[in-house]
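Below is one structure, written out as structure tokens, with a few remarks after it.
Positions are given from 1, in the same order as the sequence printed here.
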Amino acid sequence: MNLLITGVTIADPNSQFNQQKCDVRVEHGKITAIESKLGTLKATKGETIFDGSGSVLSPGFFDLNCAIGDPGIETKEDIYTATAAAAAGGFTGLAVLPHTKPVVQSKGEIAYIINKAKGNLVDVLPVGAVSQDLEGKELAEMYDMKLAGAVAFSDGTKAISDDGFMSRALQYAKGLNGLLMVYPENKSIAGKSQINESKNSVLLGMKGLPALAEEMHISRDIFLATYHDATVHISNISTAGSVALIKKAKKDGVKITCDVAAHQLVFTEELLNDFDSNYKVKPPLRGKTDIKALISGLKDGTIDAVSSQHRPHEIEFKDVEFEIAAYGIIALQTVLPLLLKAGLDAGQIAEKLSVNPRILLGLTVPVIEKDAEANFTLYNATEEWLYKSENNFSKSANSPLLNKKLTGKVKLVYNNKQLQSYG
């Protein structure tokens, strides 16, 4: 499909047109012209024209931390509904986690995901398991999975508790140039916690998850990464202490990277006072001091990327008493509004949501330049929209933002010679 976008502001740190208002032409999947003199590019016959005035054109968003139910738990989410929700949220690429049934732990499951996602506007890239059945005891077939197309390795929402196993996994991953993405939680400290440990948890009478559990685990991984001179990625950090630890480790030359879930930049633990299970996430919502540190860490480069931490669940796992409700929210369609609410500008959003996630995985980074393959997201940062069941493309509905007015709307996405617009 041929497309002409007029009067759009480009947000791409790798483009010579960064922060400039331009007209952009796309033909047969390639950007064929960019003109900063607005009105110079004239519409041609059969070309779709989109008025980008007041909107931002960014390289397509990429999510590092997306859970779906495919294969095996498609009642939560399948590849088709996940990619529909992703596109509506501005994502043109997803790294999908391995905690499915069966676990993605061999080349067969990797091939299944790649083949099922072929031809989609959204690129779906599988993350293989680190350990067999996510038990943290025996290494999964990491080498075979990498050859089959795995872009990284993770045990998903399960922390790797055994220090010796984590040490071996780091060594093995280093040997095949694979990235370990690990969830930080010391299980013996965390126990069966429900919410953040604070005065609020005492007030609500619920067992609290201390920041210590996350920070001890990160400290261990910093020591192991230093010892092996290996790279480790920490997924979904949530505390001010974690930011400080990673900041110091980077300064010391440790090969460590990290990301934060978008909701951790906006939601605080006080939202749990009404026991709304849609706010029950892991790591739990923290305090205002943590949010301030996380946003600061994003802006100073300590935190490399933002992820959705998309966790779909059937209603029977959420519409129950808080203590037995499952952790997680659907998030692919709400990342952009949350980042805007957190105060990130267009350049920071492009860096943390488009460029850095792909760099971390060693993927080609889309660029908004003449003759480049077209892979971009166009959004209006000030437009309001109502997030409701009719425009929720996920198979699940476990979001506290449903039926609420949000600011920041994706207008169109383009990738793999496919265009999808959203009014």
Q) Are K116 and D78 within salt-bridge range, i.e. N to O under 4.0 Å? A) no

Q: May I ask you to check whether D70 and Y80 show a side-chain donor-acceptor distance below 3.5 Å?
A: no

Q) Is a side-chain donor-acceptor pair under 3.5 Å present for D259 with N236? A) yes

(Q) Just by distance, no angles: are the side chains of S238 and E214 close enough, under 3.5 Å, to form a donor-acceptor pair? (A) yes

Q) Can you name the residues that form a side chain to side chain contact (heavy atoms under 4.5 Å, CB included) with A84, not counting sequence neighbours? A) F393

Q) What pairs with T83 under side-chain hydrogen bond (donor to acceptor under 3.5 Å, both in side chains), at least two apart in sequence or on another chain? A) N120

Q. Quick check, are the ring centers of F267 and Y279 under 6.0 angstrom apart?
A. yes

Q: Any pair with a residue in residues 353-362 that passes side-chain hydrogen bond (donor to acceptor under 3.5 Å, both in side chains), sequence neighbours left out, goes on the list, sorted by first then second residue, please.
A: S58-S354, T92-R358

Q.
Assess, by modelled atom type and distance only, whether the side chains of Q20 and T9 contain a donor and an acceptor separated by less than 3.5 Å.
A. no

Q: Determine, for Y112 and K107, whether the Lys NZ or Arg CZ falls below 6.0 Å from the six-membered ring centre while staying within 45 degrees of the axis.
A: no

Q) If you measure only the distance, is there a donor-acceptor pair under 3.5 Å linking the side chains of E141 and Q105? A) no

Q: Answer with yes or no whether the side chains of E77 and T81 bring together a donor and an acceptor at under 3.5 Å.
A: yes

Q. Within the side chain of T239, is there an N or O that forms a donor-acceptor pair under 3.5 Å with the backbone of S242?
A. yes

Q.
Strictly distance-based, threshold 3.5 Å: is any side-chain N or O of E109 a donor or acceptor partner for the main-chain N or O of S106?
A. yes

Q) So, N403 and Y387: side-chain donor and acceptor under 3.5 Å apart, yes or no? A) no

Q.
Testing the 3.5 Å rule here: is there a donor-acceptor pair between the side chains of S198 and N200?
A. no

Q. Should K411 and E383 count as an ion pair when the cut-off is N to O under 4.0 Å?
A. yes

Q) Any chance the side chains of H99 and K158 put a donor and an acceptor closer than 3.5 Å? A) no

Q.
With no hydrogens and no angle check, just 3.5 Å: does a side-chain donor-acceptor pair link N380 and T382?
A. yes

